[in-house]
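Below: the structure, in structure tokens.
Given the structure is predicted, the values throughout are model-derived calculations rather than measurements. By convention in this document, chain letters (A, B, ...) are assigned in the order of the sequence lines, proteins followed by strands, and residues within each chain are numbered from 1.
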Protein chains: 2
Amino acid sequence: MLSKKSQYAFKALEYLTERYKQGPVLISEISKKKKIPLKFLENILLELKKEEILDSKKGKGGGYFLAKDPAKVKVATIIRIVNGPIAMLPCVSLYFYERCKNCDEKKCGLHDLMIEVRDASLGILENRTLKDLAH
Amino acid sequence: MLSKKSQYAFKALEYLTERYKQGPVLISEISKKKKIPLKFLENILLELKKEEILDSKKGKGGGYFLAKDPAKVKVATIIRIVNGPIAMLPCVSLYFYERCKNCDEKKCGLHDLMIEVRDASLGILENRTLKDLAH
DNA sequence: TTTTAAGTCTATTAACTTGGTAGGGAATTT
DNA sequence: AAATTCCCTACCAAGTTAATAGACTTAAAA
């Protein structure tokens, strides 16, 4: 399941997508409009900035804004940043791969199945962007 | 991600699938062969019994065994029992549905997307059984 | 140049979840 | 009756999540 943090992130990004190219938006404004705890939201936006999804401006007239075209930001990318792996097992994760202990990937029945599930999910998540979320 | 408990469950079920119709198998045997902490495994098997995936026999010659044909036990069912929801959001879960607070499902962009992802995953998980995991 | 308005950063905390343990109790077979 | 095996309840430590606090930095405006 997506964490609450992830849901907050998507709500904030939705808000910023609606205001793309309209200048910086205050954290406090997003917090109020989307009912996200202010300080928690700060952390989330900062993280998204470090990953270059968002950019920001300090001081008066400052705020956060999308660093790129919302049609270029994949949903999968956001999930990986704020929620972690999309795969159901570490041993089939593309970006967070970890070998299974006590389990030979060659003859693990779950392994192949979970690759299928991963690919089915990614087929969708890698092909949808922030723009699609807004519609 | 699937919890360690879920991975243990699948390993145990794999073992029991190989021994389907061959009489009860000791918890301690599964524990040893599959390297699963004994007491933890007890809890898992008991839970699977309560959900009628497994059955058991007490006393000498006792143990656990599959309650039905492994070809009839869906992977999705097991995941729901030991891991919980398959969907990425409570508001799109079929078996663990919960309404989103502060989010109108009608106009939530994530909602529709997550339904797609759910259906893609279920398309696989509802059509694979314990038997498929073994081969 | 001072003030004010922002975002930045580090640390802390409370609640919850996960993984694992302990120790009898109950049923069944011999 | 004794041995064997699952059943059940409770507990605990560690980690994660959600949220908060407060001081710091940068930038614009007065």
Side-chain angles (χ1 to χ4, degrees), chain A residues 1-12 16 23-32 34-67 79 81-85 88-90 96 98 101-102, chain B residues 1-12 16 23-32 34-67 79 81-85 88-90 96 98 101-102:
Chain A
M1 299 274 275
L2 293 181
S3 61
K4 222 159 173 182
K5 179 179 168 188
S6 304
Q7 297 180 56
Y8 288 157
F10 278 111
K11 282 190 187 182
L16 290 172
V25 181
L26 293 180
I27 303 179
S28 57
E29 181 185 337
I30 305 174
S31 163
K32 205 178 289 178
K34 292 297 186 177
K35 289 175 185 149
I36 303 169
L38 180 70
K39 297 298 274 181
F40 196 19
L41 180 57
E42 273 185 20
N43 298 331
I44 296 168
L45 298 181
L46 199 52
E47 200 172 348
L48 289 168
K49 177 183 174 173
K50 281 178 184 151
E51 299 293 334
E52 302 184 300
I53 304 297
L54 298 179
D55 203 350
S56 67
K57 210 168 159 260
K58 288 183 180 179
K60 184 157 195 176
Y64 273 96
F65 48 95
L66 283 173
I79 293 181
I81 292 171
V82 293
N83 206 74
M88 297 189 91
L89 289 177
F96 300 83
E98 274 179 65
K101 306 161 190 59
N102 311 327
Chain B
M1 300 274 276
L2 293 181
S3 61
K4 222 160 173 179
K5 178 179 166 187
S6 304
Q7 296 179 58
Y8 287 156
F10 279 111
K11 283 189 186 180
L16 291 173
V25 181
L26 292 181
I27 303 179
S28 56
E29 180 185 339
I30 305 173
S31 163
K32 207 179 285 179
K34 290 297 185 177
K35 287 175 187 149
I36 303 170
L38 179 70
K39 296 297 276 181
F40 197 19
L41 180 58
E42 271 187 24
N43 298 331
I44 297 168
L45 298 182
L46 198 52
E47 200 172 348
L48 289 169
K49 177 183 175 173
K50 282 177 184 153
E51 299 292 333
E52 305 185 298
I53 304 298
L54 298 180
D55 202 350
S56 66
K57 208 168 161 260
K58 288 182 181 178
K60 184 154 194 177
Y64 272 98
F65 48 94
L66 282 174
I79 293 181
I81 292 170
V82 292
N83 206 74
M88 297 187 91
L89 289 177
F96 300 83
E98 273 179 64
K101 307 161 190 56
N102 311 325

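Listed for the B/S31 side chain is a donor-acceptor partner under 3.5 Å among the backbone atoms of B/I36.
No contact: A/L45 has no heavy atom under 4.0 Å from any strand. B/L38 comes within contact range of no nucleotide atom at all, as no heavy-atom separation falls under 4.0 Å. Residue contacts for B/V25: at a heavy-atom cut-off of 4.0 Å it reaches the sugar-phosphate backbone alone, with no base atom in range.
B/K49 and B/D55 make their closest contact through CE-OD1, 3.8 Å (heavy atoms, listed as atom of the first residue, atom of the second, distance). Minimum interatomic distance between A/M88 and B/I79 (heavy atoms only, all atoms of both residues): CE-CD1, 4.2 Å. Among all heavy-atom pairs drawn from B/I81 and B/E51, the shortest one is CD1-CB, 3.4 Å.
Atom C1' of nucleotide D/dC8 and atom CD of B/E47 are separated by 13 Å, given to the nearest angstrom. When rounded to the nearest whole Å, the span between CG of A/L41 and P of D/dA21 equals 16 Å. Going from atom CE of B/M1 over to atom P of D/dT16 covers 12 Å, rounded to whole Å. In this structure, B/I30 places its CD1 atom 13 Å from P of D/dT5, rounding to the nearest Å. The interatomic distance linking A/L54 (CG) with C/dT8 (C1') rounds to 14 Å, in whole Å. When rounded to the nearest whole Å, the span between CD1 of A/I44 and P of D/dT17 equals 12 Å.
Side-chain atoms of A/L41 and A/K34, non-hydrogen and from C-beta on, never get closer than 4.5 Å to each other. Between A/Y8 and A/L45 the shortest side-chain heavy-atom distance does not fall below 4.5 Å.
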Check nucleotides 17-19 of chain C against the protein and report each pair of N or O atoms closer than 3.5 Å, with its distance, or say if there are none.
| unit_1 | atom_1 | unit_2 | atom_2 | d |
| --- | --- | --- | --- | --- |
| C/dG19 | OP1 | B/K4 | N | 2.9 |

Taking N or O atoms only and anything under 3.5 Å, show me the protein contacts with nucleotides 9-16 of chain C, one pair per line.
| unit_1 | atom_1 | unit_2 | atom_2 | d |
| --- | --- | --- | --- | --- |
| C/dC9 | N4 | A/E42 | OE1 | 3.3 |

What's touching nucleotides 26-30 of chain D from the protein side, N or O pairs under 3.5 Å?
| unit_1 | atom_1 | unit_2 | atom_2 | d |
| --- | --- | --- | --- | --- |
| D/dT26 | O4' | A/K58 | NZ | 3.4 |

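Around CD of B/E29, the count of heavy atoms belonging to other residues, nucleotides or ligands within 6.0 Å exceeds 12.
The CD1 atom of B/I53 lies 8.5 Å from the CG atom of B/L66; values are rounded to the nearest 0.5 Å. Separation of atoms CE (A/M1) and CG (B/N83) is listed at 10.5 Å; rounding is to 0.5 Å.
Distances shorter than 4.0 Å separate some side-chain N or O of B/S56 from OP1 or OP2 on D/dC7. Distances shown here put every side-chain N or O of A/K49 at or beyond 4.0 Å from the OP1 or OP2 atom of C/dG7.
Using a 4.0 Å cut-off between a side-chain N of Lys or Arg and a carboxylate O of Asp or Glu, A/K39 and A/E42 qualify as a salt bridge.
Side-chain polar atoms of B/S3 and B/S6 form a donor-acceptor pair below 3.5 angstrom.
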